[in-house]
Amino acid sequence: MNYKTPVAVWLYMILTTVGEVALFYSAKPDTFGVTIGIGVIAMINSLIAALFLMNIRKEPPVIQYLMLAPLALIMVLILTMLFAFAQ
Amino acid sequence: MNAWLSRWLYTTNHKDVGLLYIAGSMYFGFVGAILILLVRVELAIPVCATGVSGMCWPSATQTFLSAASFNQAVTLHGLIMILWFLSPLAIGLANYFLPLQIGAADLALPRVNAFGYWLWLFGGITATIGFFLPGGNTAGGWTAYSPLSSSTFSPGAGPTLAFAGLIMLATSITVGSINILLTVAVERGPGITWRKIPMFSWFIIFTIVAMLFSFPSFLAALLLLISDRVLGTMYYSASAGGSILWDDLFWFFGHPEVYVVLLPAFGLIAEIFPVFSGRPLAEKNIILICTGAIVIPLSYMVWSHHMFLTGVTLSEDEAFSVATILISLPFDVITLAFIKTLTRSSIRLTAPMIFCIGSVFLFIIGGITGVFLSSFVLDVVYNNTYFVVGHFHYVMVGAAIFGLIAGLYYYIPIMTGKMYHEKMANWHFITSFIGFNILYFPMFFLYDMPRRIYTYQSLPSWNTLNLISTVGAFIFAASQIFLLANIVWTLRAGKISPPNPWGATTPEWVPVITGASHGAAASMGSMPGAEAGEHHRHESSRPIWLATGIAVSFLGLALLVYSWGIAVFILGLAIDGFAVIGWMYEDLHETFHMPEGVTERWPFNAIPKMRLGMWIFLSTDVIVFGAILGAYLYIRSFTPDWPIPGSVHEIPLGLANTIVLLTSGLTAFLALESIKEGKQRNMIMWLCATFILGATFLGIKGAEWYNLYFVKGFTWNSSIAGSTYYFTVGLHAAHVTVGLVLMAYLIRKAMMGGYTKENHAGIENFALYWAFVDIVWIFVFPLFYLL
Ligand code: HEM
Ligand SMILES: [Cu+2]
């Protein structure tokens, strides 16, 4: 059985999560760079989990679109909400 | 139990469930009609000016309906008609005929189908209970705008029950959508390639895609609302911009919903026009492309045209105005294609055909008035007036209901085996069409009269138009008696119909495909399932019990204001526990007959049936969590004094819990890898590890909550930060809990040797689910603990 990939993925995610917390403690929490850094880590981790734990990379493209479509739609909704009153 | 009764209560057969939907929707249609007739009586005449008497109400407090009753009646009329009459009528027809059209033996998940029906039915009943409670029902309009829907402005159990009913409805529609989509993907009969799917089924598929991602947003909005009302969270509080939050989440559902209502009718027209005009459907491919590639995706991107006047920025208004005008273009094309089908053809004016022509005609009026509204400049005048009411009734009642009625007449020969009374049906059309236009056309001239007012001062132009409209309402309502009478007459005295009375060519009329039971004779009277093997059952009592449990627990939630509410709530949970265990028992011992599914065809290349189902489910869950996280981001962008990160939550504890959950993701994955190699013992071991880690996660969470709530006084009803934290994390914890229940089942089945190297779909699907729960947490942790 191939333990290597899953364990590597797991280890990577644990380390980066610890990294998130380290980033948080390292600087003044609400600096913009920290927010971006943590956000990017979370996005990469979720992508990795989807690719390697859910194995979406091995599914037919239609499944990939099936998951991307609601993501795209919900982003439209969230951005519309966030910019509803921006001038 | 009585055989007849148990057949209808426990049936999972798609035809039976379809008939149940149709019967149920007619019941609700009746209720909705009564409500609005009361409203129309109230609006027929104004309040008398002082010193005047005659055709007017004596004073504003001495009208036919009180303001409070009026508001409840309009509100429930809208909700019931759209969600418990119109859509379900289409769902009923889809249940019955989509499998026949695509040569499927049944829907992919028959018990889920039955469960969806009962949940829908009980949801509708739950939503109407409020009428009989002291404080009355919800009264803030079918759109339940915030803060009208809050417990401040709509106190009491009645409105809570209405929103609970809506939660049941949204859940029902979501699982139903997953089911039908899955059916189309995996249950098509031999030879039914994508190109051969008939038009009605295509339009049902489009409808489903419009429901799939919109109802979860509604569900999320409602969960937040119920939580606000029952637990006292503050999502829709004014300080956090709550009314716009509701608007966005609601209309993100609400606009696709209008196509959900319309498209099945278009599917029926596309089916019926060719049959009775003797010409193939003109521009079939263009219609399909317009709907599938333009209308459906765009339907998710125009919702803010319901919010032009809410104060959102001009650039958003402009963008949504343009998108709305864009989406009306494909409808022009479709309408023209329908008309083209009729040109130079020899039309047979049967009842289905007349209703279809009426539908297209009325759609044109409704659509054009919609284009007026899509200009946000004109909307300044029209918004919130009877012009809007006129518009949407032309599309919803005119286009959609006329189309669906056409479908009913068209399919009565299959559903009953008999022929309806053509003359009576013609009269039905004539009176409906006249009544309809008398009822709604005056509303376009009432563009200066606000909607949702319970009475008005005498004003010559308003008085006459309103009176005319009320007269029309009674004609229109009375004309439906023709339909009812016709159905009764058909069942009792109708002539036996030949198998294909219209000379149609689509598969539901031509019994060639094996698997599906076809034709007129095999309908209402016969026992479905009798033809199947002895060993497997086609009936199940679990779906109705599960739905009952959910309804009862919601009843308890709404009644928490009384001390015994909690007992009702717990009773509901107990019923659910019983139903879930029973359901799993059926699976464990394979006593329920599940249709097999194949997916070797494009584009689902060999993906197993249940895994595809799980993916579709997860795609809807993306919307639920996305909406909830979006609500959080929106609220944070509005709330200046948010607690400083790290000041409330124990970050080390959160980190530890994240590590626990991530590790459980690894063990779940390893369980799957083990069984792929046939190592059953390893798999059980990894599953148990996953279970323990999941339980640990919940345990730590519980300790955290205890500390936050009781020690730090950080509660869900003391600050908006608390509300968002508890709700989001709680929803995630609920998903973890469901995962634990699933695991208990998997472990039990695994110990019975239920999973092998070749056959381990259950483990695979669970691993998907669990990884998804992990991914959600990957966002929740930083968002709530670190940022
Ligand atoms: C040509 C296509 C259409 C366009 C451009 C259009 C446009 C609009 C616009 C801009 C509004 C908002 C008006 C306002 O509140 O001030 C509206 C309201 C509405 N439309 Fe349409 N519409 C179209 C078709 C439909 C269809 C097909 C249906 C349903 C079958 C529908 C149902 C509704 C409903 C229910 C409302 C009012 C909701 C409420 O506030 O209670 N529309 N439409
Ligand atoms: Cu709309």
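Here is the naming used below: chain letters follow the sequence lines, and residue numbers restart at 1 for every chain. None of the values given here were measured: they were computed from a predicted structure.
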Over all heavy atoms of both residues, which pair between A:Ser46 and B:Phe779 is shortest? Give the atoms and the distance, please. OG-CZ, 3.4 Å
Any heavy-atom pair between the side chains of A:Phe24 and B:Ile651 that's under 4.5 Å? yes
Less than 4.5 Å to any heavy atom of chain A: does that hold for the side chain of B:Phe638, its backbone, both, or neither? side chain
If you define the side chain from C-beta out and look only at heavy atoms, does anything of A:Leu77 sit under 4.5 Å from B:Trp251? no
Please look at B:Leu655 and chain A and tell me whether the side chain, the backbone, both or neither of the residue comes under 4.5 angstrom of a heavy atom of that chain. side chain
Find the distance between CZ (A:Phe85) and OH (B:Tyr634) and round it off to the nearest 0.5 Å. 5.0 Å
Among the options B:Phe669, B:Phe781, B:Phe213, B:Trp615, pick out the one with the most heavy-atom pairs lying under 4.5 Å from chain A. B:Trp615
Show your reasoning for whether side chain to side chain contact (heavy atoms under 4.5 Å, CB included) applies to A:Tyr25 and B:Leu786. CA-CA 9 Å; A:Tyr25 282 119; B:Leu786 304 180; over 6 Å; no
Answer with side chain, backbone, both or neither: which region of A:Ala50 has an atom nearer than 4.5 Å to a non-hydrogen atom of chain B? both
CE (B:Met614) and CE (A:Met54) are apart, to the nearest 0.5 Å, by 9.0 Å
So which part of A:Ile14 gets closer than 4.5 Å to some heavy atom of chain B, the side chain, the backbone, both or neither? both
Quick check on B:Ala631 against chain A: is it the side chain, the backbone, both or neither that has a heavy atom closer than 4.5 Å? backbone
B:Met610 atom CE, neighbour heavy-atom count above 12 within 6.0 Å: no
Interatomic distance, A:Ile56 atom CD1 to B:Leu768 atom CG [nearest 0.5 angstrom]: 8.5 Å
How close do B:Pro782 and A:Ala42 get, heavy atom to heavy atom, and via which atoms? CG-CB, 4.1 Å
Straight-line distance of B:Phe252 CZ to A:Met81 CE, nearest 0.5 Å: 9.5 Å
Structural part of B:Leu783 lying under 4.5 Å from a heavy atom of chain A: neither
Any idea which of B:Asp774, B:Leu666, B:Ile775, B:Ile623 has the most non-hydrogen atom pairs under 4.5 angstrom with chain A? B:Leu666
Just so I understand: if I count every heavy-atom pair under 4.5 Å between each of B:Val312, B:Thr658, B:Asp317 and chain A, which residue has the most? B:Val312
Under 4.5 Å, counting heavy-atom pairs only, tell me which of B:Leu633, B:Val776, B:Thr620, B:Val622 racks up the most with chain A. B:Val622
Decide yes or no on side chain to side chain contact (heavy atoms under 4.5 Å, CB included) for A:Ile78 and B:Leu629, but give the supporting numbers first. CA-CA 9 Å; A:Ile78 294 178; B:Leu629 291 178; 5.5 Å; no
Indicate the atoms forming the closest heavy-atom contact of B:Ala771 with A:Leu53, along with that distance. CB-CB, 4.0 Å
Among B:Tyr300, B:Trp303, B:Tyr785, which residue forms the greatest number of heavy-atom pairs with chain A at distances under 4.5 Å? B:Trp303
Which one of A:Asn45, A:Thr17, A:Leu79 has the most heavy-atom pairs closer than 4.5 Å to chain B? A:Thr17
Report the distance from atom CD of A:Glu59 to atom CD1 of B:Ile607, rounding to the nearest 0.5 Å. 4.0 Å
What part of A:Leu66 gets within 4.5 angstrom of chain B, counting heavy atoms only: side chain, backbone, both, or neither? both
Within 6.0 Å of CZ in B:Arg681, more than 12 heavy atoms from elsewhere: no
Report the C-alpha distance between A:Ile63 and B:Leu612 in whole Å, list the side-chain angles of each, state the deciding distance to 0.1 Å, and finish with yes or no for side chain to side chain contact (heavy atoms under 4.5 Å, CB included). CA-CA 8 Å; A:Ile63 298 293; B:Leu612 180 59; 3.5 Å; yes
Mind running side chain to side chain contact (heavy atoms under 4.5 Å, CB included) on A:Trp10 and B:Thr663 for me, showing each step along the way? CA-CA 7 Å; A:Trp10 169 76; B:Thr663 309; 3.1 Å; yes
From A:Thr80 OG1 over to B:Met307 CE, what is the distance, rounded to the nearest 0.5 angstrom? 9.0 Å
In terms of heavy-atom pairs under 4.5 Å with chain A, which of B:Gly654, B:Gly626, B:Pro652, B:Ala767 leads? B:Gly626
